[in-house]
2 protein chains.
Amino acid sequence: MTERAAEKRVNRTKRLIRDTLTELMEEKGFEGVTVRDLTEKAQINRGTFYLHYRDKYDLLEQSEDEIIKGIVQLVNDIKPMEAVAFTSQGEPFPVIQKLFEYFQEHADFMKVILGPKGDPAFQVKLRELITQTFLQKIATEVNKEDMLVPVEFLTTYVSAAHVGVIQHWLETGMEKSPSEMTLILAKMTLLGPGYAAGLKT
Amino acid sequence: MTERAAEKRVNRTKRLIRDTLTELMEEKGFEGVTVRDLTEKAQINRGTFYLHYRDKYDLLEQSEDEIIKGIVQLVNDIKPMEAVAFTSQGEPFPVIQKLFEYFQEHADFMKVILGPKGDPAFQVKLRELITQTFLQKIATEVNKEDMLVPVEFLTTYVSAAHVGVIQHWLETGMEKSPSEMTLILAKMTLLGPGYAAGLKT
DNA sequence: GAAGATAATCAACAGCTTGTTCATAACATT
DNA sequence: AATGTTATGAACAAGCTGTTGATTATCTTC
C-alpha cells in the first residue's frame, strides 16, 4: 500500500477521534473524558487510539497545535503591510477579521477549548501568539517614552481582552459577523473602553 | 468535646489539605493531582480526605467558593460611594486596589488557579463577578445611545483585560504594588490602550 | 484478481486510582 | 477518667490505563 492511501485512512480515523473529543469535552470537559468513552462513542477499538496517540494529553496537544499552526499560517499570508494598517488609521485591521473567520470555521473546537471546560494553557498560548504576532510589532514602532504604562501590561491587557471577547462571541452563538466584531474590537482598543461606553461625552 | 474545639481540629486538617492542593497543582495541574498524592504529601490518611470532601472536585469547588466569598465580602464593605468614583474622575478606584491586595494575600492559590494549569471555569466565574459587581452598575448610569459598542462586549472586554493583567501580575512575581497596578489599569481603561501606548500623540 | 503492506480489531494483562466500609486509635473537653 | 468526635489503618470491588500478541479488514500494485 502506498503512503498516500494509508495517510487517507489514518487521517480519517484521526479526524474521527478529534471530532469525538470535541463532542465529549462539551459534555464532560477534558478531565472527564476517558479514552474508553472516546473510543466507544467513535465506535473504534481502544487499541486504535493508542496506535495514533500516546494518551489523551497527546491528543489534546496535537489538536491544539493544528489550530495554532493554522493561525500562524493565516497571519503569515497577510503580514507584509496590512498588519500594520493599525497604527495610524482607525480602520478595522484585516488580520483580526481573518482571525475571526478562522475561529468561525473551527467554532466547535474553539468554543470548547476556550470555554470553562477547556484548557487554560491554550488560552495562554493564544494570548502569547497574539502578543508576539501583532502587538510586539506595534510596540517596537512606538517611542518607549510615550508609553503611559509598561509595555508588558499593555500587551497583556489588549490580548486578554481580545481573547475574552472572542470567547464570549463563540459562547453566545456568533451572532455578529467577523467584520462587525473586528470593528467593535478596534473601537474599544483605539478609542478606549471608557470612550466607547460614552463616558467622556 | 465542644463544637469550637472540633471545628479547630477540622479546620486545621482542611487548611492542610487545601494548601497541599495548591502546592501539587503548581507541579502537576489539577488534573494530575490524585487524592493519594495529596494525602501522602499532607501526611494524612486517605480516609480523612473523604471525611471532608466528596472527591477532588468537591475540594476544588470549596476552595474556589471561599475565595469568591472573600471577594464579594470585600466589595460589599466598600460599595456605598467609592465604587462609583470611577465614572467621572481618572483617579484609581479603591475597590480595584482592594482587589489587588486581596489577591496578593492569597497569591499562591490565585496564581495557580488562574494560571495555565488552573481551572478555566474559575476565570469565567471571576470575570462574571467583576462584570456583575463593577461594570453592570456603571453601565446602567450611561445612556445606551452613547454606546459605540454593545454593552456585553464592552463588559467582556474590560473584565477579560483586567483578569488577564491580574494573572500576568501574579505570574511575574507581583513586582508592582497594588496601587501601581490599579493606576495602570485605570489609565488603559479610561484613556484606552491605544492612547496609553502613545499612539495618538 | 491475487499478493503484500498497513491499519484496525479483539482479548487479556498488570498496575494504578477511586470511593466505601469496617474496626481501632488518638484527641480534647467536661 | 468518661464521652463524643476526628483520624487512622486495612481491605474491597470497580473502573481506567497502556501494553502485548494474534487475527482480521482494507487498500495499492503487480
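None of these values were measured; they are calculated from a predicted model. First the proteins, then the strands, lettered A, B, ... as listed; each starts at 1.
- Per the geometry, CZ belonging to B:R54 stands 10 Å off P belonging to C:dT20, to the nearest Å.
- When B:F122, B:F109, B:Y57 are each tested for a ring pair (Phe, Tyr, Trp, His ring centres under 6.0 Å) with B:F30, only one passes: B:Y57.
- Of all non-hydrogen atoms in B:P178 and B:F100, the two that sit nearest each other are CB-CB, 3.6 Å.
- Under a cut-off of 6.0 angstrom, the local environment of NZ in B:K56 is crowded, with over 12 non-hydrogen atoms contributed by other residues, nucleotides or ligands.
- For D:dG18, one of the phosphate oxygens OP1 or OP2 lies less than 4.0 angstrom from a side-chain nitrogen or oxygen of A:Y50.
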Kindly list each side-chain donor-acceptor pair under 3.5 angstrom involving residues 43-51 of chain B, sequence neighbours excluded, with atom names and distances?
residue, atom, partner, partner atom, Å
B:N45, OD1, B:G47, N, 2.8
B:T48, OG1, B:N45, O, 3.4

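- The distance from atom CG of A:N11 to atom C1' of C:dT6 is 14 Å, rounded to the nearest whole Å.
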Item to check | B:E27/B:K41 under salt bridge (charged side-chain N to carboxylate O under 4.0 Å, His left out): CA gap, chis, key distance, verdict | outcome: CA-CA 13 Å; B:E27 291 176 28; B:K41 178 147 194 164; 3.2 Å; yes
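- By the neighbour-count criterion of 12 heavy atoms within 6.0 Å, atom NZ of A:K176 is sparsely surrounded, having that number or fewer from other residues, nucleotides or ligands.
- The distance from atom CD1 of A:I17 to atom P of C:dA7 is 13 Å, rounded to the nearest whole Å.
- Partners of B:F103 by ring pair (Phe, Tyr, Trp, His ring centres under 6.0 Å), not counting sequence neighbours: none found.
- Regarding B:K14, its NZ atom lies at a distance of 15 Å from the C1' atom of D:dT5, rounded to whole Å.
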Checklist entry - Quick one: what's the B/S/- string for nucleotides 7-13 of chain D, heavy-atom cutoff under 4.0 Å, read 5' to 3'? => result SBB-B--
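- Between B:L16 atom CG and D:dT6 atom C1' there is a gap of 14 Å when expressed in whole angstrom units.
- Shown here for A:A160 and B:G164, the closest heavy-atom pair between the two residues is CB-CA, 3.7 Å.
- For the ring pair (Phe, Tyr, Trp, His ring centres under 6.0 Å) test, residues two or more places apart in sequence or in another chain that qualify with A:F153 are B:H168.
- If you check residues 34-41 of chain A against DNA chain D, the residues with a heavy atom closer than 4.0 Å are A:T34, A:V35, A:R36, listed by number.
- Rounding to whole angstrom units, CZ of residue A:F49 and C1' of C:dT9 are separated by 16 Å.
- For the contact set between residues 24-33 of chain A and DNA chain C, defined by any heavy atom under 4.0 Å, there are no members.
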Next on the checklist: Checking B:D37 against B:K28 for the salt bridge (charged side-chain N to carboxylate O under 4.0 Å, His left out) test, could you report, in this order, the C-alpha distance in whole Å, the side-chain angles of both residues, the deciding distance, and whether it holds?
Outcome noted: CA-CA 11 Å; B:D37 279 346; B:K28 321 179 171 188; 2.8 Å; yes
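- Heavy-atom minimum distance, A:L154 versus B:P193: CD1-O, 3.4 Å.
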